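Hydrogens, waters and symmetry mates are skipped; everything else that's a heavy atom, side chains included, is used. Bear in mind that the values here come from a model prediction, so they are computed numbers and not experimental data.
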Amino acid sequence: MFQKDDYVIYGNNGVCTIKDIGPLDIPGIPKERIYYTLVPYYTKDSQIFTPVDSDKVVMRSLICKEAIMQLIEEIPDIELLWVKDEKQREMQYKETMRKCDCRELIRIIKTIYQRMQSRIAEGKKMTASDEKYFHLAEDRLYGEFAITLGMERDQVRDFISEKVQQKEAVNTV
């Protein structure tokens, strides 16, 4: 069980803060059922109520700094998600996003980045679906990393790029 003021990842809402734990004072809601009251970190004006015993939506602790650094080390080796059919690709992106797993978010970002580069080389634009999932994956990943690493979300991409480039420079020497 999580504690009040913990940061958690809650499904598609990304990083949330647990503001309260207890029964809800809402008509029609059983008083004996215990709920988390969550506030999405990057959307302060909303609240989410979820039963403590629910497993319908992924809810987990934030990734630790050591795991982030290890994941960044492994980025060059993380496999892409190659699916030729557009509809199947979008379904794969959705399913991957539901896992709320940082490695999987990196797979989406890396895959779509590669697709974008090859489409640009062919004189084509990024597909709307790719653009949507690219930004969603970046927002979720960078939002989580930012809190753990104590930086702003918009600094995370450069931080990751710098670490990957440093690793590649060391490996080519």
Side-chain angles (χ1 to χ4, degrees), residues 1-19 21 36-48 50 54-83 89-117 126-172:
M1 189 163 157
F2 298 103
Q3 304 300 315
K4 190 175 176 187
D5 297 325
D6 282 353
Y7 288 112
V8 295
I9 297 299
Y10 183 71
N12 290 332
N13 295 282
V15 179
C16 294
T17 307
I18 298 176
K19 283 298 171 198
I21 303 170
Y36 290 118
T37 301
L38 307 172
V39 175
Y41 188 81
Y42 296 103
T43 316
K44 301 268 191 244
D45 294 337
S46 66
Q47 290 187 335
I48 301 163
T50 185
S54 175
D55 61 356
K56 290 182 180 175
V57 177
V58 173
M59 186 168 170
R60 65 169 175 79
S61 298
L62 268 60
I63 188 171
C64 67
K65 184 175 182 176
E66 295 77 22
I68 289 172
M69 300 313 285
Q70 183 63 42
L71 259 178
I72 292 171
E73 279 274 316
E74 295 170 5
I75 286 175
D77 303 320
I78 293 175
E79 291 184 20
L80 302 178
L81 291 168
W82 285 119
V83 180
R89 184 180 312 110
E90 185 167 1
M91 286 174 40
Q92 182 68 47
Y93 291 162
K94 275 185 191 176
E95 186 59 37
T96 303
M97 294 291 292
R98 274 192 209 108
K99 295 177 185 176
C100 299
D101 180 273
C102 293
R103 176 180 298 278
E104 294 299 316
L105 294 174
I106 290 170
R107 285 182 75 196
I108 289 175
I109 293 166
K110 190 174 170 181
T111 299
I112 296 173
Y113 181 80
Q114 294 273 342
R115 278 182 43 82
M116 180 177 59
Q117 294 304 312
M126 187 177 199
T127 67
S129 173
D130 279 357
E131 188 170 2
K132 172 185 170 183
Y133 286 99
F134 186 75
H135 291 301
L136 282 172
E138 278 192 322
D139 282 350
R140 300 247 175 79
L141 184 74
Y142 300 167
E144 182 172 0
F145 281 18
I147 291 171
T148 299
L149 297 172
M151 61 178 60
E152 294 298 318
R153 184 167 43 177
D154 60 4
Q155 297 173 310
V156 175
R157 178 189 288 159
D158 292 340
F159 176 80
I160 292 171
S161 294
E162 185 179 305
K163 294 292 181 193
V164 169
Q165 287 170 0
Q166 285 173 358
K167 182 180 188 234
E168 289 173 351
V170 168
N171 288 343
T172 58

Problem - 4.5 Å side-chain heavy-atom contact, Y133 and R89 - result: no

Exercise for the section: State the SG-CG distance between C64 and L149, to the nearest 0.5 angstrom. Expected result: 10.0 Å

Problem - Any side-chain heavy-atom pair of I9 and I63 under 4.5 Å - result: no

Handout entry: Residue pair M116 / Y113, side-chain heavy-atom distance below 4.5 Å
Key = yes

Handout entry: Between CG on residue D130 and CD1 on residue I108, distance to nearest 0.5 Å
Key = 10.5 Å

Practice task
With the side chain counted from C-beta on, respond yes when L71 and R103 share a heavy-atom pair under 4.5 Å apart, and no when they do not.
Solution key: yes

Handout entry: Q92 versus T96, closest heavy-atom pair with distance
Key = O-OG1, 2.7 Å

Handout entry: Heavy-atom donor-acceptor pair, Y42 side chain to G143 backbone, under 3.5 Å
Key = yes

Exercise for the section: Nearest 0.5 Å please: distance from the NZ atom of K4 over to the OG1 atom of T37. Expected result: 9.5 Å

Handout entry: Minimum side-chain heavy-atom gap T127-E90 below 4.5 Å
Key = no

Fill in the blank from the handout: Rounding to 0.5 Å, atoms OH (Y7) and CG (L62) come to a distance of 8.5 Å

Practice task
Check F2 against I21 and note the closest heavy-atom contact, atom names and distance.
Solution key: O-CD1, 3.3 Å

Problem - From CA spacing to verdict: side-chain contact (heavy atoms from CB on, under 4.5 Å), E73, V164 - result: CA-CA 7 Å; E73 279 274 316; V164 169; over 6 Å; no

Exercise for the section: Taking the side chain as every heavy atom from C-beta outward, state whether E66 and M69 have any atom pair closer than 4.5 Å. Expected result: no

Handout entry: Check: A146 main-chain N/O paired with R153 side-chain donor or acceptor under 3.5 Å
Key = no

Practice task
Write down the atom of F145, the atom of C102, and the distance for their closest heavy-atom approach.
Solution key: CE1-SG, 3.9 Å

Fill in the blank from the handout: Rounded to the nearest 0.5 Å, the CG atom of D5 sits from the OG1 atom of T17 at a distance of 7.5 Å

Problem - Heavy-atom closest pair, residues N12 and R140 - result: O-NH2, 3.0 Å

Completion exercise
NZ of K163 to CG of D158, rounded to nearest 0.5 Å, is 12.5 Å

Handout entry: Validation row: I112, M126 side chains within 4.5 angstrom (heavy atoms)
Key = yes

Problem - D77 CG: over 12 foreign heavy atoms closer than 6.0 Å - result: yes

Practice task
Go through the steps for E138 and I109 under the test side-chain contact (heavy atoms from CB on, under 4.5 Å), then give the verdict.
Solution key: CA-CA 7 Å; E138 278 192 322; I109 293 166; 3.9 Å; yes

Exercise for the section: Can you spot which of I72, I75, D101, I160 makes a side chain to side chain contact (heavy atoms under 4.5 Å, CB included) with I106? Expected result: I75

Practice task
Decide side-chain contact (heavy atoms from CB on, under 4.5 Å) for M151 and V156; before the verdict, give the C-alpha distance in whole Å, the side-chain angles of both, and the deciding distance to 0.1 Å.
Solution key: CA-CA 7 Å; M151 61 178 60; V156 175; 3.8 Å; yes

Practice task
Search all heavy atoms of K65 against all heavy atoms of T148 and return the closest pair with its distance.
Solution key: N-CG2, 3.5 Å

Handout entry: Test item: side-chain donor near acceptor, S129 and Y93, under 3.5 Å
Key = no

Problem - K110 side chain to L81 backbone, donor-acceptor under 3.5 Å - result: no

Exercise for the section: Salt-bridge test for E144 and R60: reply yes if a basic N is under 4.0 Å from a carboxylate O, no otherwise. Expected result: yes

Practice task
Please name the pair of heavy atoms, one in C16 and one in I48, separated by the smallest distance, quoted to 0.1 Å.
Solution key: SG-CD1, 4.2 Å

